[in-house]
Engineer: 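Mind looking over this structure? Questions follow.
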Amino acid sequence: MCPGYRLIRPASLLGTLTATPNFGTRSNQVTKWGRKVVDLVLANNLFCCNDGSPTRINRGTGGLSTPDVTLASSNLNNKITWSAVDDLGSDHMPIIFQVKNEYTKRHTQTKKRKRWRRNNADWDSFSCQIEEQLQDAKENEDPSLKLKDRLNKFNNILLQAGHAHVGKTRPRNRDCWMNPAVKTAIKKRNSLRRKVAKKRKEWLDACEEAQGLIDEAKHKAWEDYLTEVEFSADPCDMWRVIKSLSGTPDSMAPNEALIVNGRVITTNPKKADAFAKLYAGVSSLTFSKQERNRNRKLKVRMRQLIGADGECCRDFDTKELESALKAMKTKGAPGMDDIPPSFLKNLGPFGH
């Protein structure tokens with residue numbers, strides 16, 4: 001550490017100091033390096049963000065100390081919050097350090113979409129309801145309906161039966177390992193930490209017990225996650241897990257912003273829209289006169305192939321339908337219409 005070192009303002013320094021500067025913390029002695037830290041603070045007009053709370057517990061003696069010090073520029077004084085929270089089983093306690101300014105944006109997390117249940121579904125009632133509704137729709141069918149309208153009507157019948165006899169559930173969070181037993185052990189450990197001066201042995205035993213339960217719960221949660229990977233509705237989720245295991249962040253930092261035409265964009269959908277507009281502006285294609293004439297003729301031929309019902313594909317037979325249903329995975333993900341393969345596989349004779 002250089003005594004004359006100057007920091008670029010605004011600045012913040014966080015770390016564990018072996019020096020003892022005595023910034024109103026629980027340390028009572030000032031060492032040689034502690035004085036140099038004080039000189040650095042005075043030379044750069046810094047202030048100590050610590051509120052005096054201890055940040056470390058000595059497992060051997062149960063003593064409390066504050067080796068973790070946070071320094072920041074004085075112009076950030078009214079924009080910074082600092083707090084030490086309950087420990088996570090380590091001798092050092094977690095520190096929450098927040099800086100609020102005009103560039104800080106809050107990352108809003110969207111709730112996970114509900115998905116169709118895989119267990120405890122009443123497929124017999126599901127098929128019976130669809131058969132009845134399809135027969136009624138067949139009797140009262142309007143011959144003037146186009147294929148697209150009939151398809152929408154069929155999808156609505158499937159969705160109504162699905163909500164009535166299958167139901168939906170919200171996927172579990174990634175921290176599903178936090179079961180009641182783990183919560184109880186952590187609460188007990190944190191409670192004993194506050195009385196570590198008198199109950200150091202009990203606190204150490206509680207730390208070991210809580211860590212054992214956490215390891216066991218995480219192992220079980222990982223096994224459950226791997227069994228559900230094949231049927232995941234979002235393949236990108238698995239890639240995020242693989243990248244996180246290799247050390248790659250699973251997503252961008254929540255405060256990472258994109259500036260487009262002087263406008264700050266922080267949400268992923270708006271970033272995608274901005275990229276699409278920029279790409280559309282530079283990716284326009286130019287066609288020669290011959291290419292335009294050929295495209296015009298092809299469009300005329302396509303219009304001639306469209307039938308009276310507005311579609312240009314031939315009817316498929318029962319054999320092709322059965323082959324397609326057989327090739328589907330029962331626990332596959334639903335498409336844009338929110339209809340999973342299990343709905344089609346459980347249709348009755350009339351539905352086929």
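Just so it is clear, the values below take in all heavy atoms, side chains as well, and ignore hydrogens, waters and symmetry mates.
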Engineer: Identify each donor-acceptor pair in which a side-chain atom of residues 272-280 lies under 3.5 Å from a protein atom, sequence neighbours left out, and give them as a table.
Structural biologist:
none

Engineer: Between Pro334 and Ile339, is any pair of side-chain heavy atoms under 4.5 Å apart?
Structural biologist: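 When only atoms from C-beta onward are counted, Ile339 and Pro334 do not touch, as no gap falls below 4.5 Å.
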Engineer: Just checking Glu141: does its CD atom have more than 12 heavy atoms from other residues, nucleotides or ligands closer to it than 6.0 angstrom?
Structural biologist: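 More than 12 within 6.0 Å, yes.
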Engineer: For Arg296 and Asn293, which I'm curious about, is there any donor-acceptor pair between the side chains at under 3.5 Å?
Structural biologist: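 The criterion, which ignores hydrogens and geometry beyond distance, is satisfied for Asn293 and Arg296.
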Engineer: Spell out, as yes or no, whether a donor-acceptor pair under 3.5 Å connects the side chain of Ser127 to the backbone of Asn346.
Structural biologist: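 Yes, because the side chain of Ser127 sits within donor-acceptor range (under 3.5 Å) of the backbone of Asn346.
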Engineer: Tell me whether Trp123 contacts the main-chain N or O of Val166 through its side chain, where contact means a donor paired with an acceptor under 3.5 Å.
Structural biologist: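 Looks like no, no N/O pair under 3.5 Å.
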Engineer: Side-chain contact, heavy-atom cut-off 4.5 Å: Phe97 with Cys49?
Structural biologist: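 Yes. Closest side-chain heavy atoms under 4.5 Å.
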Engineer: Let me know which of Arg117, Gln160, Gln129 forms a side-chain contact (heavy atoms from CB on, under 4.5 Å) with His165.
Structural biologist: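 Of the listed options, the one satisfying the test is Gln129.
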Engineer: Using side-chain heavy atoms (C-beta onward) and a distance below 4.5 Å, is Leu158 in contact with Leu347?
Structural biologist: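 Contact flag for Leu158/Leu347 side chains = yes.
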Engineer: Salt bridge or not between Glu223 and Lys220? Use side-chain N to carboxylate O under 4.0 Å.
Structural biologist: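 Salt bridge absent between Glu223 and Lys220.
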Engineer: Is a donor from one side chain sitting under 3.5 angstrom from an acceptor on the other, for Ser74 and Asn45?
Structural biologist: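 Result is yes, a qualifying pair exists.
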Engineer: Kindly compute the distance separating OG1 (Thr330) from CZ (Phe343), expressed to the nearest 0.5 Å.
Structural biologist: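 Here the rounded value is 13.0 Å.
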Engineer: Are any side-chain N or O atoms of Asp142 and backbone N or O atoms of Ser144, one a donor and one an acceptor, separated by less than 3.5 Å?
Structural biologist: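 Pair found, side chain donor or acceptor close to backbone of Ser144.
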Engineer: Give the other cluster members for Ile265, using side-chain heavy-atom distances under 4.5 Å between Ile, Leu, Val, Met, Phe, Trp and Tyr residues; answer none if it is isolated.
Structural biologist: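 Under the 4.5 Å side-chain rule, Ile265 groups with Leu258, Val260.
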Engineer: Is the number of heavy atoms from other residues, nucleotides or ligands under 6.0 Å of Asn120 CG greater than 12?
Structural biologist: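 It does not: Asn120 CG has 12 such atoms or fewer within range.
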Engineer: Could you tell me whether Asp149 and Lys153 make a salt bridge, using a distance below 4.0 angstrom between a side-chain N and a carboxylate O?
Structural biologist: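 Between Lys153 and Asp149 there is no salt bridge, as every charged N stays at least 4.0 Å from the carboxylate O atoms.
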Engineer: Salt bridge between Lys168 and Asp338, side-chain N to carboxylate O under 4.0 Å?
Structural biologist: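 Yes.
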Engineer: Donor-acceptor pair, distance only, cut-off 3.5 Å: does the side chain of Asn261 make one with the backbone of Arg263?
Structural biologist: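 Checked: no pair found.
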Engineer: Can you tell me if Arg189 uses its side chain to pair, donor with acceptor, with the backbone of Trp203 under 3.5 Å?
Structural biologist: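 No; judged by distance alone, with no hydrogens or angles, the pair does not exist.
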Engineer: Please enumerate all residues that pass salt bridge (charged side-chain N to carboxylate O under 4.0 Å, His left out) together with Arg56, with sequence neighbours excluded.
Structural biologist: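 Scan of Arg56 (salt bridge (charged side-chain N to carboxylate O under 4.0 Å, His left out), adjacent residues dropped) gives Asp91.
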Engineer: Report yes if some heavy atom in the side chain of Ser65 is under 4.5 Å from a heavy atom in the side chain of Asn58; otherwise report no.
Structural biologist: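 Heavy-atom side-chain distance check fails, nothing below 4.5 Å.
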Engineer: Below 4.5 Å, heavy atoms only, C-beta onward: do Leu344 and Met328 meet side chain to side chain?
Structural biologist: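 They are in contact (side-chain heavy atoms under 4.5 Å apart), so the answer is yes.
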